[in-house]
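Below is one structure; the comments refer to it alone.
In this text the structure is predicted, and so the values were computed from the model without any measurement.
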2 protein chains.
Amino acid sequence: MKVVRNGEARRASRIGVVRSRDTASGLSSANLPVDSILRGDCVAELSKLPARSVDMVFADPPYNLQLQGELKRPDDSRVDAVDDAWDKFESFEAYDAFTRAWLLAVRRVLKPTGTLWVIGSYHNIFRVGAMLQDLDFWILNDIVWRKTNPMPNFRGRRFTNAHETMIWAAREPGARGYTFNYEALKAANEDVQMRSDWLFPICSGHERLKDEAGHKVHPTQKPEALLARVILSASKPGDVVLDPFLGSGTTAAVAKRLGRHFVGIERDPAYADAAQARIDAVEPLPEAALALAPTAREAPRVAFNTLLDRGLVAPGTMLTDAKARVRAMVRADGTLSLETAPGLGQIGSIHRAGAIAQGLEACNGWTYWHIETREGLKPIDSLRAVMRSEMAIAAE
Amino acid sequence: MKVVRNGEARRASRIGVVRSRDTASGLSSANLPVDSILRGDCVAELSKLPARSVDMVFADPPYNLQLQGELKRPDDSRVDAVDDAWDKFESFEAYDAFTRAWLLAVRRVLKPTGTLWVIGSYHNIFRVGAMLQDLDFWILNDIVWRKTNPMPNFRGRRFTNAHETMIWAAREPGARGYTFNYEALKAANEDVQMRSDWLFPICSGHERLKDEAGHKVHPTQKPEALLARVILSASKPGDVVLDPFLGSGTTAAVAKRLGRHFVGIERDPAYADAAQARIDAVEPLPEAALALAPTAREAPRVAFNTLLDRGLVAPGTMLTDAKARVRAMVRADGTLSLETAPGLGQIGSIHRAGAIAQGLEACNGWTYWHIETREGLKPIDSLRAVMRSEMAIAAE
DNA sequence: TCATTGAGTGAATCACTTC
DNA sequence: AGAAGTGATTCACTCAATG
């Protein structure tokens, strides 16, 4: 494949300044060359980038396949396996050193809230996973990509190798605030939690990049649907997604389509050219198709006493549990006084009082306590909803 | 749990001399105490056994879960997690040293044609896999056990951890003559090759061993169906199957039922007693019955976002009700955004959105929402039918 | 006897903000 | 920085009790 255009010139016009949600906190992505492909070795290129500037990394490193000679199908045709120089390593030690180097470089550019995805097969994923742990990343999940159409095992000596493994990891143990769009994933999955096993076809047909001669441009091009789920799961619109082994550019193309910024690193000029052309052809989806639905977690906090301030609840009102057995009186300061045993006479927040009344450690008072209305007994959470809609109008 | 009988006395009467198919080749299993449980540390016990005498090893080592605090369900009940002393290690280094020791001990007793299975989760399997490679085992497959009924992620902070991983490895690179019952597996799998992803329920109900008080005897008892597929895949009747971490005895019980000899090693007397009682109750199947049971086909469950993943619906597409009055936009993550009142702007699954649009509690989005096609307005359920036929290949 | 309901549970690395 | 307070969060299946 030949280089058909001037990548440098094209790149310069495309580099933008990312509008990062973390700019205010000093984790600036301002010096990050977003929406461009960096041509060069991934460790060298990563070390030029600002620290703590990237929201999510997806990495598809060489698999170190260790094929022992060529493989033929039952009809004696040759299997076009991965035998490229970039997939060759002298030894496991060499592969480990390589893995360690790029993982450390990735950790430096990740924001503290950022997460890393790595995909691999049994040839390399165990080494990658162990190294992640050794380097003090924190594994959140391992995800299995089940292939609907894997290559069969031609010799009949093993099980059909029908899956690959991804590891999703936070920057360090105890990392807080990483992005996981739980509600969106659940809503998209028949309203049940998304599981750790995903089913997708391998990349083929029109999606598979081919050169003029009809040969595949890259031997291990990943399906866009797989990357779409990864990016939709663990990043927000406007985030920066980095791929240190860009290859044919799937990560960048999908990131662009989904309204994320991308940074791609690729050493091979032919791959980089193909990826750039592919990315240029991508049209981002309209914002309305991307915006995340507000979640209960992110809803503005409402203190119970603001309901009293607004006159939605009067001091002296009696609250009860759903079955109207347990009773508590609303005091002027927004605390409750239990009027029934257990806990008779005890005073505390709606949450503490609910916990005491049930003999539990914790309780969500908003859903436990009910109030008598014209339409019958309703959870005080319905008053909070009224409160929140009033706040929303006021904010406009 | 108390020791209820004299294990030593019972064992003596049960130890037999294995009729090994390799006796002629000098790989004698004659001094192997088969069909018995060896009580003690697995490395110590393994070192007493003759070298090159075992056909297959299945190992379920401690996972080193590193659980932090306690976890509660949304209903405030406590999750009974694995907190046993045997699962606690000082560090990754300590776990690696432990792994290295037992793997070396296993390699010594394996015949050159023998294979090893190890099961684990993301907490330990990467370390085990890397160590296998370091010790010059040769990985044949990694197998994913997909659980039909995993424990959910109660806090909604990760993907449901719905699988465990097994590694199947030969004793060394280039090992020849290992057992893989390819034809039987294929025949049992509707005449297509058995894949690397297997679907089984977790062990519960009557199969789960309970003590007198009704508590589970072992926290991590594996399902017999899983072991049956492993043993039927990679051993022959009359072979010796060894389990260095016997626990509740699943490996031995299944091996006995399937006409294999077993050697179990277990350090904990309570576990060993329970396993012995369980094994004693097993009746070997008649030889004619020692074939693989056909694998149950999974009814493919199709989530709406799989239609997007496969390109059958594009983000931004408008869906309507049957009369084209209510409209909703398909978003990139597979949720819908309502474009008409009531519910304008609200986002949810196809089911939630349909319910909101109609002012109902629930709704079957598959039949409510329609899409414009060349043949007119059709329910999105018709697309699901297309999807299901495509997936029939991939489903087990 | 059978259908329905409710409680229980499984290898789990399961918050975030404010004071 | 550490402690305290708020309040968000579950799927498939089994078994016992009830109707």
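Contact annotation for P150(B): base contact, defined as any heavy-atom pair under 4.0 Å involving a base atom. Heavy atoms of G120(B) sit nowhere under 4.0 angstrom from any nucleic acid atom. Within 4.0 Å of A362(A), counting heavy atoms only, lies at least one base atom of the nucleic acid. Among the atoms of the strands shown, only primed sugar atoms or phosphate atoms (P, OP1, OP2) are found under 4.0 Å from some heavy atom of R384(A). Note on S121(B): nothing from the nucleic acid sits closer than 4.0 angstrom, heavy atoms only. At a threshold of 4.0 angstrom between heavy atoms, the contacts of T160(B) with the nucleic acid are absent. Counting non-hydrogen atoms under 4.0 angstrom, P223(B) reaches nothing in the nucleic acid. D80(B) comes within contact range of the sugar-phosphate backbone alone, with a heavy-atom separation under 4.0 Å but no base atom that close. If you check every strand for non-hydrogen atoms under 4.0 Å, E207(B) touches nothing. Heavy atoms of R352(A) sit nowhere under 4.0 angstrom from any nucleic acid atom. If you check every strand for non-hydrogen atoms under 4.0 Å, K186(A) touches sugar and phosphate atoms only. Looking at heavy-atom distances under 4.0 Å, E164(B) makes contact with a base. Nucleic acid contact for D84(B): none, since no nucleic acid atom lies under 4.0 Å from a heavy atom of the residue. Using a 4.0 Å heavy-atom criterion, one finds that I139(A) contacts the bases of the nucleic acid, with or without backbone contacts as well.
The distance between atom NZ of K147(B) and atom P of dA12(C), rounded to the nearest whole Å, is 7 Å. Computed from coordinates, the W366(A) CH2 to dT6(D) C1' distance equals 10 Å when rounded to whole Å. Going from atom CZ of F180(A) over to atom P of dC14(C) covers 14 Å, rounded to whole Å. Put simply, CD on E361(A) is 13 Å from P on dG5(D), counting in whole angstrom units. Distance CE (M151(B)) to P (dT13(C)): 9 Å, rounded to an integer number of Å. For the pair L71(B) CG and dT13(C) C1', the computed distance is 11 Å after rounding to whole Å. At whole-Å resolution of the value, CD1 in I202(B) and C1' in dC13(D) are 8 Å apart. Rounded to a whole Å, the CG atom of D76(B) is 15 Å from the C1' atom of dG8(C).
At a cut-off of 3.5 Å, with distance as the only test, no side-chain donor of W168(A) or Y178(A) sits close to an acceptor on the other residue. Checking R278(B) against T250(B) by side-chain atom types alone, a donor-acceptor pair falls below 3.5 Å. Between the side chains of D197(B) and H163(B), not a single donor N or O lies within less than 3.5 Å of an accepting N or O. The closest side-chain donor-acceptor pair between Y63(B) and E164(B) falls under 3.5 angstrom. Side chains of S349(B) and H351(B): a donor-acceptor N/O pair is absent below 3.5 angstrom, by distance only.
For the C1' atoms, the distance from dC16(C) to dA1(D) is 16 Å, rounded to whole Å. One P atom belongs to dT6(D), the other to dA12(C), and the distance between them is 31 Å to the nearest Å. Comparing the same atom, C1', in dG6(C) and in dT10(D) gives a spacing of 16 Å after rounding to whole Å. Using C1' as the reference atom, dG19(D) and dT1(C) are 12 Å apart when rounded to the nearest Å. Using atom C1' as the reference point in both dC14(C) and dG10(C), the two lie 15 Å apart (nearest Å).
In terms of phosphate contacts, N161(B) brings no side-chain nitrogen or oxygen within less than 4.0 Å of OP1 or OP2 of dA12(C). OP1 or OP2 of dG10(C) has at least one side-chain nitrogen or oxygen of K216(B) nearer than 4.0 Å. Regarding contacts with the backbone of dT10(D), a side-chain N or O of Y182(A) is found under 4.0 angstrom from either OP1 or OP2. Side-chain N/O atoms of R78(B) include none lying less than 4.0 angstrom from OP1 or OP2 on dG10(C). Side-chain N/O atoms of R155(B) include one lying less than 4.0 angstrom from OP1 or OP2 on dA15(C). Contact annotation: H215(B) side-chain N/O to dT9(C) OP1/OP2 distance is not under 4.0 Å. An OP1 or OP2 oxygen of dC16(C) is reached within less than 4.0 angstrom by a side-chain nitrogen or oxygen of R157(B).
Put simply, F154(B) does not rest on the base of dC14(C): the two rings are not both less than 5.5 Å apart at their centres and under 30° in tilt.
Both distances falling under 3.5 Å, in either a Watson-Crick or a G-U wobble arrangement, occur for no nucleotide opposite dT9(D). Across all strands shown, the partner of dA4(D) is dT17(C), judged by Watson-Crick or G-U wobble contacts whose two distances both fall under 3.5 Å. The nucleotide dC2(C) finds its pairing partner in dG19(D), both defining distances of the Watson-Crick or G-U wobble pair being shorter than 3.5 Å.
Using a cut-off of 4.0 Å between Lys/Arg side-chain N and Asp/Glu carboxylate O, D75(B) and R73(B) are scored as not salt-bridged. A salt bridge links D309(B) with R229(A); the closest basic N to acidic carboxylate O contact falls under 4.0 Å.
Using cut-offs of 30° and 60° on the angle between ring planes, the pair W117(A) and F159(B) is perpendicular.
Each of dA11(C), dC14(C), dC15(D) was ranked by its minimum atom distance to the side chain of V82(B); first place goes to dA11(C). The S204(B) side chain lies nearest to dT14(D) when the options are dA12(C), dA12(D), dT14(D). Set against dT13(C), dG7(D), dA11(C), the side chain of N364(A) has dG7(D) as its closest nucleotide. With dT13(C), dA11(C), dC11(D) as the candidates, the nucleotide lying closest to the side chain of H123(B) is dT13(C). Of the candidates dC14(C), dA11(C), dT17(C), the closest approach to any side-chain atom of T220(B) belongs to dA11(C). With distances taken from any side-chain atom of V192(A) to the nucleotides dC13(D), dC11(D), dT13(C), the minimum falls on dC11(D).
If G205(B) and H351(A) are placed on DNA chain D by their nearest nucleotide, the residue sitting closer to the 5' end is H351(A). Of the two residues contacting DNA chain C, namely Y63(B) and P152(B), the nearest-nucleotide position lying further toward the 5' end is that of Y63(B). Nearer to the 5' terminus of DNA chain D, by closest-nucleotide assignment, is the contact made by N153(B) (compared with the other of N153(B) and P201(B)).
Between K216(B) and the options D84(B), D80(B), D211(B), a salt bridge (charged side-chain N to carboxylate O under 4.0 Å, His left out) holds for only D80(B).
Between the base of dG10(C) and the side chain of R73(B) there is a donor-acceptor pair shorter than 3.5 Å. Side-chain atoms of K72(B) stay outside donor-acceptor range of the base of dA12(C), with no qualifying N/O pair under 3.5 Å. A donor-acceptor contact under 3.5 Å links the side chain of R158(B) to the base of dT13(C).
Base orientation for dT13(C): syn, the chi torsion being within 90° of 0.
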Verdict with reasoning, R127(A) to D134(A), per salt bridge (charged side-chain N to carboxylate O under 4.0 Å, His left out): CA-CA 10 Å; R127(A) 311 203 75 80; D134(A) 289 342; over 6 Å; no
